[in-house]
2 protein chains.
Amino acid sequence: MVSIISVAKAAGVSNKTVSRVINGEPYVTEETRERVEKAIRDLGYIPNMAARLIRSSRSNTFGIITDYVSTTPYSVDIVRGIQDWANANGKTILMANTGGSIEREAEVWKMFQSHRIDGVLYVTMYRRTVDPEAGDVQIPTVMINCRSQTNELLPSIEPDDYQGAQDLTRYLLDKGHRKIGYIRLNPILQGAELRLEAFLKTTREFGLTEGDLAIKLGMEGPVGSENNYVFAAATEMLMQKDRPTAIMSGNDEMAIQIYIAALSLGLRIPEDISIVGFDDFRTVSMALKPELTTAALPYYDLGLTGAERLNTLLQGNKSDRPQWVLPCKLIERGSVSPPACS
Amino acid sequence: MVSIISVAKAAGVSNKTVSRVINGEPYVTEETRERVEKAIRDLGYIPNMAARLIRSSRSNTFGIITDYVSTTPYSVDIVRGIQDWANANGKTILMANTGGSIEREAEVWKMFQSHRIDGVLYVTMYRRTVDPEAGDVQIPTVMINCRSQTNELLPSIEPDDYQGAQDLTRYLLDKGHRKIGYIRLNPILQGAELRLEAFLKTTREFGLTEGDLAIKLGMEGPVGSENNYVFAAATEMLMQKDRPTAIMSGNDEMAIQIYIAALSLGLRIPEDISIVGFDDFRTVSMALKPELTTAALPYYDLGLTGAERLNTLLQGNKSDRPQWVLPCKLIERGSVSPPACS
DNA sequence: CAGCGACATGACAACGTCGACATATTTTTC
DNA sequence: GAAAAATATGTCGACGTTGTCATGTCGCTG
């Protein structure tokens, strides 16, 4: 492999001068710089990060540790956000996923340390509280899409499920809906509770009573092997004589089944029944016809902001409040119209 | 940071002996080994990969270079397959995605080289031919889900779209369907052509004529911003008086729209119209009701096999034929039944 | 018991890079 | 025009690890 020394020889300078050129240090004549750069190009020299790291003990590398993220379609955008930030800022990304195993997680931390990683981004597939082994490890860490159960001070970034659900609910109310159904996400998920809470609070503030709402559980059980009641719940909800004019779905994926249930009953969307989702999982929300109105989980931004925050942290700047929350933007598409006869 | 030297001091041996223990080399007394291991535990020593690499010039790291994979839900399983293999075999994964940009791709290759990566896995989101810059780079590379346009000898691994579509077609024929519709994938995608070809050939072999088939284009245009005709195509196909009894969908995602089109026309699935997808994109195929019968793209295996093959390659073993193909398994669910009146 | 081989350990250099410091050259300052 | 400052370049060692070779200690063979 061509090293800094071969370049130095080729350019007729000392290796230190080459080092200066590479790192853009001052005190190099323009002429020397050009000669060195030419030698670099001619020889195809590429700096050896390992050697650099060994000297400077800054790896310029972030580690991403995930549970199932790279496994699942949902939150891949978090990773994309992180990578984009890393590219733009000359950082390298080391990625590992645990598949949920504690032993594996311990291994990953070890692996990260053996690579002398500067910091860690701890990412989970769905929003939840976790208890990372970070406690006994002193690598700076930012939690993305989750927060620590044990250490409240660990910086975290999460989507604002509450605000998203609030916006969606208001949107339906503004459109004139007064009888609204809600098909709940798996209550295991942290987002589920927040979204439901926002829905209940917002409708109540608006003056709706419990009789105006129809709430059903759509899924339950351990993530990955949950029981799915969505279709049945939606069908039942829509067969009531006093059926809701709009249904809020726990997420976009569940909305598929609500669509199918509605259509199977001969209802038209949105004329007879309005539907909104959550997440803006575009493979679904844009594949549905009419396309689904939903609230976008800010996954990409979660990743981007997380990486940026980790960097800030590494530079010694402490942030005021540890737990951040990013808004979910309402995406208006075609699945909502005013109720038929209001 | 605690180094091998501190361990050596603590254990009262030379650093070379510690190195022997770490690497499981012979010629160390059991007693010495234990003393060293204790020191390692006590001090929490973790080997420095960078230093190791600089000596041995084997990084034990694979690079994954992707176009949009980490961006899109579809093929994330490829990455998971690679990672699982890497975990099991003590390799580290460096991941970067180009977002389709050539300049970015060049940067990534450079970055990989600067980390002295052992080999590269070149992964694309959808099956296609590419022209990687690998030509001027001498890092061993395995192509996953794609193949090189220019270099036929570059090892590649792809799903067997042809066989998958053939199996699906036969499945429908075996169920008794004799009038079959096909809604085509974006013809830009390499899989599109193969699937259609398999469909046509298989139906022809079975004795169906052109009049028994209804073929329509579902999508077209550049990936990411294509025109979507699926709903219209399906609706039109199903409104013919001599409508097909089964529809093959270019992929699972498109099947959503076919479901909606069918249901909107008052048709029941599968009693009035059978539907099959392709890909087994489970977020969709299992969310649809009835669940979708489809052919599973072997993404996970693509990744696993790819990593394994790269490793074999690195050990100097050349494989006989460069281009491999992995079967797509038929996944039978509830969206197909025999035609109503045959 | 000299000689040999197997085993156990250590000393030291080298990998590629950069920081600290030294030296040489030019420019500025008074 | 001599001293001081700024600029340009080089020497050398250190980072943490492992490969090479040397050394030392056994036990065994003939």
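Convention: sequence-line order gives letters A, B, ...; per-chain numbering from 1.
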Looking only at side-chain N and O atoms, does A/S14 come under 4.0 Å of OP1 or OP2 in D/dT9?
-> no
Could you tell me the separation between the [atom1] atom of [X] and the [atom2] atom of [N], rounded to a whole number of Å?
X     : N      : atom1 : atom2 : result
B/K9  : C/dT9  : NZ    : C1'   : 18 Å
A/Y27 : C/dA22 : OH    : C1'   : 15 Å
B/E31 : C/dT9  : CD    : C1'   : 13 Å

Let me have a per-nucleotide readout for nucleotides 13-21 of chain C, 5' to 3', with B, S or -, counting only protein heavy atoms under 4.0 Å.
-> -BBBBBBB-
Would you say the side-chain atoms of A/T17 and A/S14 include a donor-acceptor pair closer than 3.5 Å?
-> yes
Determine, for A/R104 against A/E107, whether the closest basic-nitrogen to carboxylate-oxygen distance falls under 4.0 angstrom.
-> yes
Are any of the side-chain nitrogens in A/R35 or A/E31 under 4.0 Å away from the carboxylate oxygens of its partner?
-> yes
State, with a plain yes or no, whether a side-chain heavy atom of B/Q113 is found less than 4.5 Å away from one of B/I117.
-> no
Side-chain heavy-atom pair A/I93, A/T61 within 4.5 angstrom cut-off = no
Pairing residues for B/I4 by the side-chain contact (heavy atoms from CB on, under 4.5 Å) criterion, not counting sequence neighbours = B/N15, B/V18, B/S19, B/I22, B/Y45
Reckon A/T32 touches a base, only the sugar-phosphate, or nothing at all at heavy-atom distances under 4.0 Å?
-> sugar-phosphate
